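Heads up, the thing below is written out as structure tokens.
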Amino acid sequence: MPPASIHDLALETLQHIFTYACADEGSTGHALALVSKYFNQAVHSIRLRTVALYNIVQIESFAAFLTASAQRPRVHHLFVSTWLDGARVVQTRTGDLSREEEDYEIYPIEAYEEEVNWANWTTLRKELNQKLSLFLPRVLQFVSMDLRSLSIVHSWEFSPIPFPTCFPSLEQLTVFGPPPRLPEQVASSPCFPAVQALHIGCPSVTLAHWIHHTPAIIRLRLSELSPDANSLPEELVTITSTGRPAEIEAHGIQSRPLLKVIRLQMRNISRQGLCTSFVILYNFSAGTTVPSWILG
């Protein structure tokens, strides 16, 4: 009697096992597909449940793959980053490979005018922006119906990412960098109707805009907040208060969200920033009905 083999398992059993194995950025599913034809068949429908795209080249390649696929992959979790491309643009602009992109949010460009390579910087930035505007919306369009979580780390060197459609099944959304540009046709209806956890990493945030598009939100996290975000305390009090509906609608919010947790994370807290943090907390707690909130 020949020894038992994993290939003897039923297809459904293998798929159940592979579902747990394919929880990384996609490399495990790719490796399993190369083992044998049987493994390829078993992992085909689940190998792309989780996908991570770390640069614009990968975004372009994945868009081409989705376009050529006979059967639409069901992507449940997607991570997209343009941060490395942004760092490349900064390095091209300054010619100094030792500086990180973050440095240029602290020191103005004018401080490096003598080093700036404007021609190469403009060309590279325009080229990458065009590719990003073409291919990333295509990827988002393909995965929008099945996506459960979406995380975007977008460089400030590029234009806001255009979102081509709504995401009806999305439950968790994380956005760092320039806020995305939402489609005009859904301006009056929520773009993320099922999102319960929202994480925004941006120095200045307009909450009314986000609350409108995430009516089911329960957990809100705001990171990288600037000490100059002066309107934030009033917005937080408004969306969490027991005030009259007319007062809430006056701030552009159609209905009060069912928030349970709000977390605030200030960026580069100095003495001035610490005072602003206390003001935010004091004003926020003055009329809130939210059970818990956290600073830091």
Side-chain angles (χ1 to χ4, degrees), residues 23 49-50 74-80 140 143-154 161 163 165-180 182-183 186-226 229 231-267 277 280-296:
R49 291 279 179 92
T50 303
R74 296 184 178 276
V75 180
H76 288 179
H77 310 283
L78 177 63
F79 171 84
V80 177
L140 295 176
V143 304
S144 61
M145 296 303 296
D146 301 303
L147 210 57
R148 300 293 186 270
S149 69
L150 173 62
S151 297
I152 296 179
V153 180
H154 191 34
I161 296 173
F163 275 32
T165 186
C166 293
F167 296 78
S169 303
L170 195 67
E171 299 172 355
Q172 299 181 28
L173 175 62
T174 298
V175 177
F176 270 69
L182 302 180
V186 297
S188 59
S189 59
C191 193
F192 315 105
V195 164
Q196 296 186 351
L198 175 64
H199 184 186
I200 305 173
C202 186
S204 180
V205 180
T206 302
L207 283 182
H209 172 79
W210 284 106
I211 295 299
H212 169 69
H213 286 285
T214 56
I217 185 172
I218 294 177
R219 298 181 298 278
L220 173 64
R221 181 177 176 184
L222 305 177
S223 301
E224 301 292 309
L225 288 172
S226 167
S231 64
L232 185 58
E234 182 181 357
E235 288 191 88
L236 286 172
V237 170
T238 299
I239 66 174
T240 58
S241 68
T242 56
R244 295 188 298 273
E247 297 175 352
I248 297 176
E249 292 177 4
H251 286 75
I253 302 173
Q254 300 301 316
S255 61
R256 184 184 296 109
L258 301 176
L259 282 167
K260 294 183 179 180
V261 176
I262 293 181
R263 180 170 183 173
L264 308 179
Q265 294 177 300
M266 307 297 290
R267 181 182 186 187
S277 303
I280 288 178
L281 285 176
Y282 176 78
N283 289 342
F284 176 48
S285 61
T288 183
T289 57
V290 176
S292 61
W293 46 265
I294 307 168
L295 176 67

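All values reported here derive from a predicted model rather than from experimental measurement.
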Fill in: Spacing of NE2 belonging to H213 relative to OG belonging to S189, to within rounding of 0.5 Å
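Taking NE2 in H213 and OG in S189, the distance rounds to 7.5 Å.
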Discussion item. To the nearest 0.5 Å, what is the distance between CZ on F192 and CG on L198?
Written reply: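 It comes to 8.5 Å.
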Worksheet item: Can you name the side-chain contact (heavy atoms from CB on, under 4.5 Å) partners of T206, sequence neighbours left out?
Response: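 For T206, the residues satisfying side-chain contact (heavy atoms from CB on, under 4.5 Å) (neighbours in sequence not counted) are H209, E235.
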Fill in: Partner set under side-chain contact (heavy atoms from CB on, under 4.5 Å) for P179, not counting sequence neighbours
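C202, W210.
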Quick one: are [X] and [Y] in side-chain contact, heavy atoms under 4.5 Å?
X    : Y    : value
V261 : I218 : no
V205 : L225 : yes
L147 : L78  : yes
I211 : I217 : yes
R263 : L222 : no

Practice prompt. Answer yes if the side chains of S223 and H199 hold a donor-acceptor pair under 3.5 Å, and no otherwise.
Written response: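 Side chains of S223 and H199: pair found under 3.5 Å.
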Worksheet item: Which atoms form the tightest heavy-atom contact between R148 and H77, and what is the distance?
Response: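 For R148 versus H77, the nearest heavy atoms are CB-CE1, 4.1 Å.
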Worksheet item: Is R221 reaching over with its side chain to a backbone N or O of R219, donor-acceptor style, under 3.5 angstrom?
Response: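 Not a single qualifying donor-acceptor pair exists.
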Which atom pairs, donor and acceptor, lie under 3.5 Å between side-chain atoms of residues 167-177 and protein residues at least two apart or in another chain?
residue, atom, partner, partner atom, Å
S169, OG, M145, O, 3.1

